[in-house]
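Inspection log for the structure reproduced underneath, given as structure tokens.
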Amino acid sequence: MTLQFPLPDVSPAPRAHSVQSLPLGALFALTLFCLVPAAPAIAATAASGSVMLEELTSTELRSRIEHGATTVLIPIGGVEQSGPYIALGKHNVRAAILARQIAQNLGNTIVAPVVSYVPEGSISPPAGHMRHAGTISIPPAAFEAVLEGAAASLRQHGFRDIIFLGDHGGYQKNEQNVASKLNRAWDKTPAGKEARAYALLDYYDITQSAYVAELQKRGYSGAEIGLHAGLADAALMLATDASLVRSEAMAHGGKPGVADGVRGDATRATKELGQIGIKLQVDTSVAAIRQWLQRHK
């Protein structure tokens, strides 16, 4: 015997609208609904491709190191006065921007956070830049300890070529001291854990030599180019972050001198002049690092 069960009375489902039959407003809303969930994924993908350590997750960084990104730059800036027309954070901003460009040119290179606290002279009694509001100074020994600790941390995570890149002339010797100390210690480590530290003096030195020569070729005097907060300094800043230069005030204000913390005349500085120096710094640094990496393969 066959059992029979009555079927429920199910009304036919309403006919679905095709996309073509939707009103324009509904179609627009549907499009937005489909796109919105993808936005965070796009942003995450872009961030994971960054060369900046602080913009990566720990997992992303580990993967990058495992796939060959074993070179790291430690940019060094500083907080110091640059007269009335250039902001106190110029070295930090320039170091970060140029380190990013250098890393992108090199490939397989990561940029560590900028070291912002550096030796700027005696605090009490104040000397040099410390005589002007906003400058922050730490003892040379403390600065070297920070560099040493940062480099050791990065080595622990798998970086093998650790490069100090200093934007300010006052601590170049300290960079060399730390690199030499680390290399002596790391030379004694077991095979497979080798690492090297390198003070990239070329990055800063080029601004005091070839860049000055290029500006002089264009008719600017040494006195105008200056040693601090002059034309060269302001031009480099205009080429990296013009918001840190008070161009309007400089055009209509007085010309500061040594008593104001300025050695030079920034009045005729332009972004285009700064780009000459930036290109020299990036190209020279990339070439020097590549040569150094080749020697230490």
Side-chain angles (χ1 to χ4, degrees), residues 51-54 65 68-78 80 90-119 140 143-155 157 159-187 194-214 232-233 236 239-240 274 276-297:
V51 298
M52 309 302 283
L53 182 146
E54 291 177 292
I65 294 170
T70 57
T71 298
V72 63
L73 307 180
I74 301 181
I76 309 166
E80 67 175 25
K90 73 174 187 186
H91 284 307
N92 295 331
V93 172
R94 284 208 304 246
I97 290 174
L98 269 66
R100 184 193 292 265
Q101 292 183 25
I102 292 165
Q104 288 170 337
N105 275 271
L106 285 169
N108 275 345
T109 302
I110 300 294
V111 180
V114 175
V115 177
S116 301
Y117 295 96
V118 307
F143 172 66
E144 292 190 8
V146 168
L147 295 187
E148 186 177 343
S153 297
L154 294 165
R155 173 179 174 267
H157 299 314
F159 288 104
R160 292 296 170 253
D161 295 289
I162 299 164
I163 299 166
F164 299 121
L165 184 156
D167 201 72
H168 174 33
Y171 47 65
Q172 300 291 307
K173 185 64 178 176
N174 301 103
E175 295 175 49
Q176 289 180 292
N177 292 343
V178 175
S180 296
K181 180 179 179 181
L182 291 172
N183 287 331
R184 286 194 299 270
W186 293 348
D187 280 345
E194 299 92 342
R196 294 159 295 275
Y198 176 40
L200 182 62
L201 304 186
D202 308 65
Y203 168 89
Y204 175 78
D205 290 346
I206 201 72
T207 65
Q208 309 302 302
S209 54
Y211 182 40
V212 172
E214 287 295 329
D233 222 353
L236 290 172
T240 47
I276 297 168
I278 297 303
K279 188 175 189 310
L280 281 169
Q281 282 189 280
V282 172
D283 290 350
T284 300
S285 298
V286 169
I289 293 171
R290 282 178 175 159
Q291 288 177 5
W292 187 78
L293 292 175
Q294 186 65 33
R295 288 200 306 268
H296 293 85
K297 271 189 175 181

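A donor-acceptor contact closer than 3.5 angstrom links the side chains of Glu175 and Gln172.
In this structure, the side chain of Asn92 engages the main chain of Gly78 through a donor-acceptor pair within 3.5 Å. Although no hydrogens or angles enter the test, the distance criterion places no donor-acceptor pair under 3.5 Å between the side chain of Ser180 and the main chain of Asn177. The main-chain N or O of Ala151 is never found under 3.5 Å from a side-chain atom of Ser153 such that the two would form a donor-acceptor pair. The closest donor-acceptor contact from the side chain of Arg160 to the backbone of Glu194 lies under 3.5 Å.
Atom CD1 of Ile278 is separated from atom CG of Leu236 by 5.0 Å, given to the nearest 0.5 angstrom. Distance CD1/Ile289 to CD1/Ile102: 5.5 Å, rounded to 0.5 Å. With rounding to the nearest 0.5 Å, the separation of CG in Asn183 from NE2 in His296 is 7.5 Å. Here CD1 of Ile163 is found 5.5 Å from CH2 of Trp292. Values are rounded to the nearest 0.5 Å. Here the CZ atom belonging to Arg100 is positioned 8.5 Å from the CD1 atom belonging to Ile97, to the nearest 0.5 angstrom. From Glu148, atom CD reaches atom CG of Asn174 across 12.5 Å, with rounding to the nearest 0.5 Å.
Within the 4.5 Å cutoff, side-chain heavy atoms of Leu98 are placed close to those of Val282. Phe159 is listed as a side-chain neighbour of Ile110, based on a closest heavy-atom distance under 4.5 Å. The shortest side-chain heavy-atom distance between Leu53 and Val111 does not fall under the 4.5 Å cut-off. No side-chain heavy atom of Val115 sits less than 4.5 Å from a side-chain heavy atom of Phe164.
The aromatic rings of Tyr171 and His168 sit perpendicular to each other, their planes meeting at more than 60°, with 30° as the lower class boundary.
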Would Thr109 and Val51 satisfy side-chain contact (heavy atoms from CB on, under 4.5 Å), going step by step from the backbone distance to the final call? CA-CA 7 Å; Thr109 302; Val51 298; over 6 Å; no

